[in-house]
Each structure stands twice: as C-alpha cells, then as structure tokens.
J.: 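This is the structure I have questions about; it appears just below.
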Number of protein chains: 2
Amino acid sequence: MSGVFKALSDPTRREILALLRDKDMTAGEIAEHFDISKPAISKHLEILKEAELVSAEKKGLYRIYSINLTVLQEALSGFMNYFEKENDL
Amino acid sequence: MSGVFKALSDPTRREILALLRDKDMTAGEIAEHFDISKPAISKHLEILKEAELVSAEKKGLYRIYSINLTVLQEALSGFMNYFEKENDL
DNA sequence: TAACTAATTAGTTAAATAGTTAAATATAGA
DNA sequence: TCTATATTTAACTATTTAACTAATTAGTTA
C-alpha cells in the first residue's frame with residue numbers, strides 16, 4: 001500500500017502507467033516517450049514493479065512491461081473506501 | 001493532482017487524514033498521536049493544506065484542521081477512472 | 001503589560017530520490 | 001565465436017524530504 005502511493009507520487013511513473021494503459025510496451029519503447037536516460041526509466045520501472053503496479057515478461061532481447069490494472073484499482077479503491085462517509089461512523 | 005499524490009505518499013500524512021476522517025482536530029491533538037515533533041507535524045499539515053486535502057480554521061489560540069473528503073475522493077476517483085478498462089478503448 | 005500557550009517559521013542535518021555516465025549482462029544473429 | 005542490441009546494475013551527484021531544536025508569531029488571561 002505504502003509502495004503504491006510512493007510509486008504514484010512521481011509524475012514520470014504515473015505517465016508510464018498511462019502509456020501502459022493503452023498497450024504493453026518494451027522498456028525501450030517506454031523510454032522513447034521521455035527525455036530522460038534509459039537507466040532512469042529502468043529504475044522507475046523497477047519501483048513500479050516492486051509496487052506490483054506493472055509486470056515484466058522477458059521476450060528474447062526485450063522486456064515487455066504491462067500494467068497490473070487490478071492492483072492499481074484495488075489499492076486505490078481500498079484506500080478510498082476507508083474515507084467514504086458511510087464507513088464505521 | 002501531483003500535489004495530492006505527493007501528499008499521500010507519506011505514511012504520517014495518510015495517518016493524519018485517517019485521524020481527521022473521524023473528527024476535526026487541532027494541530028496539537030493531531031501531534032499527540034505521533035512520536036515526532038510538533039513542527040514536523042505542522043509541516044505535514046502544510047503539505048496536506050497545499051494539496052487541499054485538509055483545511056484549517058483559526059479558532060482563538062488553536063487551528064482546527066478538517067479533512068476535505070471531496071477533494072480526496074475526486075482526485076483519486078478521477079485518476080482511477082482514467083484506468084478503467086472501458087475508457088477510450 | 002507580562003506571562004503563558006499553541007502553532008508556525010527558520011535553520012540545520014541526515015537520508016532518500018531522481019537523474020547522470022560507464023560498465024555489466026544477456027540474447028540474437030552473422 | 002564475434003559483434004551488435006536491449007536492458008539493467010553500479011557509482012556518482014544534485015536536489016528534495018523529513019526530521020530536529022531554537023526562535024518567532026499570535027492569541028489568552030492574570
């Protein structure tokens with residue numbers, strides 16, 4: 001949970017998730033969308049992976065990244081539910 | 001939006017929000033729930049205020065903090081909606 | 001006004017973060 | 001096997017963050 005919010009706190013990482021929403025992409029394809037170095041993107045991807053917001057599949061020379069929509073949605077909706085007015089009052 | 005996720009990325013700040021979910025509190029009351037200094041709490045409150053997740057009302061010697069549930073819910077549900085499978089596909 | 005209290009601001013420090021370049025790893029293909 | 005390519009890891013740097021203590025601000029009350 002903490003990992004999810006930490007991961008989402010960076011705009012580059014949120015943008016990576018937005019890219020992956022549309023289609024799975026290799027690390028290189030993702031990096032092309034940004035002005036920062038590939039190693040920097042690689043690190044962002046690792047943080048997203050640790051938060052389980054994305055998964056990576058090795059395919060030959062490439063790593064194909066995909067978003068874990070379920071994890072994202074359940075983490076955020078779980079947190080939000082706690083703040084619904086109806087809860088435990 | 002960026003401010004909201006930044007604000008939510010710190011566990012102390014999320015816990016402050018959880019406290020304020022139950023009732024409005026003064027800065028001092030909030031601080032009592034934590035093992036860190038009052039100035040540290042004050043700074044966390046400022047960050048939450050900048051993100052508009054809480055508001056403060058001056059009441060005599062005290063500042064009474066309250067959570068802005070609407071801002072929290074709309075920020076998170078707005079973000080989540082973007083990732084709903086049904087969207088723009 | 002003086003003394004007291006609640007909270008914030010200022011200044012410092014240590015740790016974490018996000019970026020860089022260079023080197024290492026792993027796979028593909030000639 | 002050699003070379004090229006995709007990606008990650010390592011080492012380093014600059015910036016930001018979260019904490020602390022001390023000082024300040026603002027309001028209350030004797």
Side-chain angles (χ1 to χ4, degrees), chain A residues 1-20 22-68 72 75 79, chain B residues 1-20 22-68 72 75 79:
Chain A
M1 159 72 115
S2 188
V4 169
F5 279 111
K6 213 65 203 195
L8 293 177
S9 70
D10 183 270
T12 299
R13 288 193 290 268
R14 290 198 302 275
E15 207 172 329
I16 290 173
L17 292 176
L19 289 172
L20 293 177
D22 293 332
K23 66 178 197 328
D24 295 354
M25 295 174 87
T26 67
E29 281 181 289
I30 293 168
E32 281 170 17
H33 287 80
F34 297 91
D35 268 349
I36 62 181
S37 67
K38 282 176 188 187
I41 293 294
S42 189
K43 222 162 135 196
H44 283 304
L45 287 170
E46 201 205 323
I47 289 166
L48 289 168
K49 214 163 35 178
E50 273 167 15
E52 298 184 270
L53 290 171
V54 307
S55 332
E57 195 199 347
K58 202 186 274 190
K59 194 105 186 185
L61 210 45
Y62 303 87
R63 255 82 154 196
I64 299 173
Y65 281 88
S66 48
I67 190 169
N68 294 339
L72 177 63
F79 181 78
Chain B
M1 160 72 114
S2 188
V4 169
F5 279 112
K6 211 71 202 189
L8 293 176
S9 71
D10 183 88
T12 298
R13 289 194 289 269
R14 290 197 302 274
E15 208 172 328
I16 289 174
L17 292 176
L19 288 172
L20 294 177
D22 294 332
K23 64 178 195 334
D24 295 354
M25 296 174 86
T26 67
E29 281 181 290
I30 294 167
E32 279 170 18
H33 287 80
F34 297 91
D35 269 349
I36 62 179
S37 68
K38 283 176 188 187
I41 293 294
S42 190
K43 222 163 144 195
H44 282 306
L45 288 169
E46 200 205 323
I47 290 165
L48 288 168
K49 215 162 34 179
E50 273 167 15
E52 298 185 90
L53 290 171
V54 307
S55 332
E57 194 199 347
K58 201 186 277 191
K59 194 105 185 187
L61 210 44
Y62 302 86
R63 255 79 152 200
I64 299 174
Y65 282 88
S66 48
I67 189 169
N68 295 338
L72 177 61
F79 181 76

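In what follows, chains carry the letters A, B, and so on, assigned in the order in which the sequence lines appear, proteins first and then strands, with residues in each chain numbered from 1.
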J.: A:R13 CZ to C:dA16 P: how many Å, rounded?
T.: 15 Å
J.: Without decimals, in angstroms, what is the distance between B:I36 CD1 and C:dA14 P?
T.: 19 Å
J.: Map A:T12 and A:G60 onto DNA chain C by nearest heavy atom, then report which one ends up closer to the 5' terminus.
T.: A:T12
J.: If I take atom CG in residue A:L8 and atom C1' in nucleotide C:dT17, what distance separates them, rounded to the nearest angstrom?
T.: 16 Å
J.: Looking at every strand, decide which applies to A:K59 at a 4.0 Å heavy-atom threshold: base, sugar-phosphate, or nothing.
T.: nothing
J.: Produce a footprint string for nucleotides 3-14 of chain D: one letter per nucleotide, 5' end first; B if the base is under 4.0 Å from any protein heavy atom, S if only the sugar-phosphate is, - if neither.
T.: --BSSBB-----
J.: I want to verify a distance call: between D:dC20, C:dA18, C:dG19, whose nearest atom is closest to the A:I47 side chain?
T.: C:dA18
J.: Kindly compute the distance separating CD1 (A:I36) from OG1 (A:T12), expressed to the nearest 0.5 Å.
T.: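 The distance works out to 4.5 Å.
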J.: Who does D:dA30 pair with, Watson-Crick or G-U, both distances under 3.5 Å?
T.: C:dT1
J.: For residues 45-66 of chain A, run the donor-acceptor check on the side chains, cut-off 3.5 Å, and write out each pair with its distance to 0.1 Å, sequence neighbours left out.
T.:
| from | atom 1 | to | atom 2 | distance (Å) |
| --- | --- | --- | --- | --- |
| A:S55 | OG | A:N68 | OD1 | 2.7 |
| A:S55 | OG | A:N68 | ND2 | 3.1 |

J.: To the nearest 0.5 Å, how far apart are CD in B:E29 and CG in B:L20?
T.: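 Interatomic distance, B:E29 CD to B:L20 CG, rounded to 0.5 Å: 9.5 Å.
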J.: Could you give the CZ-to-P distance, from B:F34 to D:dC20, as a whole number of Å?
T.: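 Rounded to the whole Å, the gap is 12 Å.
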J.: Take B:F34 and B:E15, measure what side-chain contact (heavy atoms from CB on, under 4.5 Å) needs, and give me the verdict at the end.
T.: CA-CA 9 Å; B:F34 297 91; B:E15 208 172 328; 3.7 Å; yes
J.: What is the distance from NZ of A:K6 to P of C:dA15, rounded to the nearest Å?
T.: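 After rounding, the gap between these two atoms is 16 Å.
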J.: Quick one: does A:R13's side chain have a donor or acceptor within less than 3.5 Å of a partner on A:L8's backbone?
T.: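 Here the side-chain-to-backbone pair does not exist.
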J.: For C:dT17, does OP1 or OP2 lie under 4.0 Å from any side-chain N or O of A:H44?
T.: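 No, no such contact exists.
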J.: I need the B:I16 CD1 to B:H33 NE2 distance, nearest 0.5 Å.
T.: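 The NE2 atom of B:H33 is 11.0 Å from CD1 of B:I16, to the nearest 0.5 Å.
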